[in-house]
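For reference, the structure discussed in these notes is given below.
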There are 2 protein chains.
Amino acid sequence: MAKAPKVRPGSRARILAAAQDEFAARGFDGANMDRVARAARLNKAMIYYHFRSKAALYAEIFQAFIRAALDRAREVADSPADPATKIRAFIRAVAEEAATRPHFPAMWLREVAGGGRHVDRATLELIGELPATLGRIVAEGRAQGRFRAIHPLLLHFGIVGPLVLFFVSRPVRQRITVPAVRAVPLAMEDAIAEIERATLAALAPDAPAGRPQGRPS
Amino acid sequence: MAKAPKVRPGSRARILAAAQDEFAARGFDGANMDRVARAARLNKAMIYYHFRSKAALYAEIFQAFIRAALDRAREVADSPADPATKIRAFIRAVAEEAATRPHFPAMWLREVAGGGRHVDRATLELIGELPATLGRIVAEGRAQGRFRAIHPLLLHFGIVGPLVLFFVSRPVRQRITVPAVRAVPLAMEDAIAEIERATLAALAPDAPAGRPQGRPS
DNA sequence: GTCTATATCGGGATAGAC
DNA sequence: GTCTATCCCGATATAGAC
């Protein structure tokens, strides 16, 4: 997508960085190109020198995010590890992607919530490829008798939902004073650990019969 | 909040309904008061007869949503059931709340993603009361030795994240053609079942030792 | 490539008749 | 309570000098 072979943080890169902040915090409609320009220490006209429009700027940023996440997910799925390890790696991949590109989760969430209004069909399909990739891992585990049947989308929601909420909620969390929310600080590793546990449990084959819980020690 | 004792779907109610659609689909900044007026089969001026501003209209809608959800959650927490049953009931309560008020999930998500910019402090605290309520259930289960220690927020994310994604993603899902995503139709009960399973597994006390998975049949 | 204007318009909000 | 007409600001986008 980026046609310029620039390496140094030139104006274009600064615009992209500033626009990510802005879009993530305010959404497409709430984003303000004047603010972006100021944050990039540039003039608004420069934005339109580098990008056709606000929409094009947004689309480029968003597609780059999705592509990066999808690439990592596919790498995991194509690796030779066993299914459970792949699931764990998938979770880590998404988490690290989100940690590396802190603006990805919020934009992703908004786009999903908005029905994908600000992206083209191709990008929308890329979004769908993520759960599809997860589905391949599940199919593999199922063929080996290690996973039970589960709708890939529900599994995807079970992983991505908590993860994305964790990242995205940081600003609200800091504004909320409710003790139970503030009490213990939250680290990404804690979130990952919980999601791994819940996800692998959700994938475990059914026990032959009986109650699902409460086996006496 | 609503000062009018009106019962019939008068203009005010129609505005509220239309505004919910609009805010949910487009977010606060993307929402257009002209569209709201048209959808309510009214004039834009009528909106400002009933509500002080776009922001006030939004705030009223949002707070009503949160209040309703929180009320149900507290009802569950205060019930005499055992902790695991309460957890299940909590999940159902949130799910039914979302199903009954289809615009709640999207607005909630956006507000969290935006750092709560469009709501006042009091409403923000209400948002925090939801995980806090969940925390009370966990504390109870822990005191009885039935749950392990877990950060209430992480548990909350594990429940609300998948649920909200499930509801919110319906429009995108319909636009995506990726086979794995479209294949099996998704029902709310399926989502609830998966979330219950994953959540209760996440709460189960640790086994004495050893690997967390793969006990041979 | 970078800047200072400025054109243009969508949309929140109001005036005032009925 | 409901309408039409309009104000007016903010925000996207562009023109054109340097």
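From a predicted model like this one, the values you see are computed outputs, not experimental measurements.
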Contacts of type side-chain contact (heavy atoms from CB on, under 4.5 Å), residue A139(B), not counting sequence neighbours = none

Provide, to the nearest angstrom, the distance between the [atom1] atom belonging to [X] and the [atom2] atom belonging to [N].
X      : N       : atom1 : atom2 : answer
R38(B) : dT2(D)  : CZ    : P     : 19 Å
R12(B) : dT2(D)  : CZ    : C1'   : 16 Å
L42(B) : dG1(D)  : CG    : C1'   : 10 Å
R41(A) : dC3(C)  : CZ    : P     : 11 Å
Y58(B) : dG11(C) : OH    : C1'   : 19 Å
I15(B) : dT2(D)  : CD1   : P     : 8 Å

note = Those residues at least two apart in sequence (or on a different chain) that pass salt bridge (charged side-chain N to carboxylate O under 4.0 Å, His left out) with R136(B) are D78(B)

key: Contacts of type salt bridge (charged side-chain N to carboxylate O under 4.0 Å, His left out), residue E75(B), not counting sequence neighbours   = none

Solution key, residues 27-40 of chain A side-chain donor-acceptor pairs under 3.5 Å, sequence neighbours excluded:
from	atom 1	to	atom 2	distance (Å)
N32(A)	OD1	D34(A)	N	2.6
N32(A)	OD1	R35(A)	N	3.2
D34(A)	OD1	K44(A)	NZ	3.4
D34(A)	OD2	K44(A)	NZ	3.4
R35(A)	NE	E22(A)	OE1	3.3
R35(A)	NE	E22(A)	OE2	2.8
R35(A)	NH2	E22(A)	OE2	2.9
R35(A)	NH2	G30(A)	O	3.4

query = Does the side chain of H50(B) come within less than 4.5 Å of M46(B)'s, by heavy atoms?
reply = yes

task = Using a strict 4.0 Å threshold on nitrogen-to-oxygen distance, state whether E125(A) and R175(B) make a salt bridge.
result = no

ask   = Hey, are R148(A) and E194(B) close enough for a salt bridge, meaning a charged N less than 4.0 Å from a carboxylate O?
value = yes

key: For DNA chain D, the dot-bracket pattern of Watson-Crick and G-U pairs whose distances stay under 3.5 Å, | for other-strand partners   = ||||||||||||||||||

message = Given 3.5 Å as the limit, does a donor-acceptor pair link the side chain of R117(B) with the main chain of A25(A), or not?
response = yes

request  = List the protein contact pattern of nucleotides 4-18 of chain D with one symbol per nucleotide (5' to 3'): B for base contact, S for sugar-phosphate-only contact, - for none; contact means a heavy-atom distance under 4.0 Å.
outcome  = B------SBBBB---

